[in-house]
Amino acid sequence: MLPPEQVLFVASECAPFAKTGGLGDVVGALPKALRQLGFDARVIIPLYSGIRWDDLETLEGPLSVVVGGERRPFGVRLGRLPGSDVPVYFLEHHYFFDRDGIYGSAGEGYSDNLERFSFLSRASLELCRMLGWTPDVVHAHDWQTALVPLYLDTVMWGSSLYRLPCVFTIHNLAYQGVYGADALPVIGLGLEHFNAFELEHFGSLNLMKGAIYHATQLTTVSPTYAREIQTSAYGFGLDGVLRARGADLTGVLNGIDVDEWNPATDPNIAARFDERDLAGKAACKAALQREVGLPVAPELPLFGLVGRLTDQKGVDVLAEILDGLLELPLQFVLLGTGDPALERRFAASAERHPERFRAFLRFDDALAHRIEAGSDFFLMPSRFEPCGLNQLYSLRYGTLPIVRATGGLADTVVNYDEKAGSGTGFVFRDLYPGSLYSTIGWAVSTWYDRRPHVERMRHQAMVADFSWRRSALEYAELYRRAWSLRSGAQRGG
Ligand code: ADP
């Protein structure tokens with residue numbers, strides 16, 4: 001294989017070791033898919049408390065780096081991503097990482113997060129040096145490792161890692177790593193980098209901005225979100241900076257774990273099914289109705305929703321129209337936690353309409369599987385959605401998503417074409433009570449009046465490919481682009 005073949009992932013999360021969201025899923029899955037394409041992909045994350053050390057191999061050490069003006073010695077342990085031979089190096093620094101949370105506790109971020117993640121970024125590169133391993137490409141993620149592309153271009157001068165190509169992925173633009181200008185000495189870069197192109201943003205230190213400037217290629221987790229974040233409505237103040245690098249910004253959809261979310265093998269659901277035989281799905285619907293306490297009524301369309309109850313997900317608009325919706329001949333089951341005021345509204349609605357609506361205000365992975373399998377339609381009216389997983393699970397389970405045309409939702413759900421009888425879901429543009437209501441009404445009328453279309457759409461949804469292999473092929477192309485932009489000869493010159 002020609003270069004690039006060696007890829008280093010530096011990240012603050014990696015499932016199943018440490019995860020708070022989609023970032024952890026990507027870092028836990030993508031290196032495995034790359035390995036299957038022939039890449040030597042390796043991961044570096046912190047050794048957080050709660051990660052089991054017993055099976056990890058202790059590497060030679062200690063190493064040390066200077067962060068916040070102090071020399072910080074650290075150890076290194078080596079494990080593998082489960083079910084693969086992808087090496088995962090854990091940086092062992094008890095003071096920084098042996099804590100209750102990954103980013104904070106009791107709703108408060110740790111006050112020394114800048115030190116902690118500067119350390120992660122700096123120490124990862126030091127570890128490569130110690131291992132004598134020079135990857136062809138480094139892949140960094142979100143603000144916590146945003147300093148990686150800066151360090152590669154600066155403090156690594158004189159080493160084989162200097163000016164290595166770096167791909168930087170934005171999973172969540174809302175968190176940018178913003179600190180006061182006086183925090184600059186912590187990261188160990190000089191004042192010459194505190195300028196309007198690199199780290200300075202409206203007088204503050206902004207790590208994400210520095211990465212956007214220094215990374216060789218930039219990505220986010222869906223093509224539509226890649227366009228949206230270049231607009232002021234979605235750019236969280238960095239839209240101008242992202243536009244300046246628009247030619248190097250690509251959206252790559254996340255994959256899903258096709259083993260965990262597979263209706264043909266899922267142990268959580270009442271009966272198994274696949275795109276060739278949907279009899280099991282009807283059994284799942286009946287079992288779900290029974291489990292949640294709704295009338296077992298195959299003729300009624302059953303709507304599901306699983307997710308965080310926050311404004312991001314557009315559920316506040318849903319709450320506004322809920323009583324009206326429940327006058328329609330349908331059933332609805334909701335599983336989610338979040339904003340207490342919204343939780344109360346859903347609970348009160350469920351009390352008013354026990355024959356139509358059930359709300360489960362807790363986190364329950366097995367029930368999430370059963371809602372995906374047993375529902376006919378799935379609601380996801382998000383305000384913004386970088387990629388979104390639930391709509392992908394729904395498609396795989398033949399449950400037609402009803403989504404707003406934003407981010408990954410716009411890229412993965414094909415709107416119903418009433419003439420052709422094709423599509424994989426129902427898509428609306430503006431998040432208003434009226435548009436959400438009429439789109440749900442459209443799904444209900446399709447259920448009652450054009451049932452063969454529902455069957456055809458289910459089939460189309462279930463055969464769509466959202467595997468990590470597909471995403472990995474796209475990342476491989478980006479690594480090639482980054483590598484050719486900064487090939488070995490150019491780096492040396
Ligand atoms: P986000 O990352 O913005 O929360 P995604 O759709 O990308 O949204 O992923 C959400 C993940 O969390 C999915 O795997 C979903 O099934 C799961 N999830 C969210 N809330 C719950 C809940 N209350 N119970 C079970 N699973 C949940």
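Counting starts at 1 for both ligands and their atoms, following the listed order. Since the structure is predicted, the reported quantities are computational estimates derived from the model, not experimental observations.
Side-chain atoms of Tyr479 and His139 include a donor-acceptor pair closer than 3.5 Å.
Remark: side-chain polar atoms of Tyr397 are paired, donor with acceptor, to backbone N or O of Asn262 under 3.5 angstrom.
Remark: Glu343 engages no residue in a side-chain hydrogen bond (donor to acceptor under 3.5 Å, both in side chains) (not counting sequence neighbours).
Taking the centre and axis of the six-membered ring of Tyr110, the NZ or CZ atom of Arg99 falls inside the cone set by 45° and 6.0 Å. Remark: Arg451 qualifies as a cation-pi partner of Trp447 under the 6.0 Å distance and 45° angle criteria applied to the six-membered ring.
Between Lys209 and the choices Gln176, His201, His214, the side chain to side chain donor-acceptor pair (under 3.5 Å) rule is met once, by His201.
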Protein N/O near ligand 1 N/O, under 3.5 Å, which pairs?
| from | atom 1 | to | atom 2 | distance (Å) |
| --- | --- | --- | --- | --- |
| ligand 1 | 3 (O) | Arg308 | NH2 | 2.8 |
| ligand 1 | 3 (O) | Lys313 | NZ | 2.8 |
| ligand 1 | 4 (O) | Arg308 | NE | 2.8 |
| ligand 1 | 6 (O) | Leu389 | N | 3.0 |
| ligand 1 | 6 (O) | Asn390 | N | 3.3 |
| ligand 1 | 7 (O) | Leu389 | N | 3.1 |
| ligand 1 | 8 (O) | Lys313 | NZ | 3.0 |
| ligand 1 | 16 (O) | Asn390 | OD1 | 3.1 |
| ligand 1 | 23 (N) | Arg362 | O | 2.8 |
| ligand 1 | 24 (N) | Asp364 | N | 3.0 |

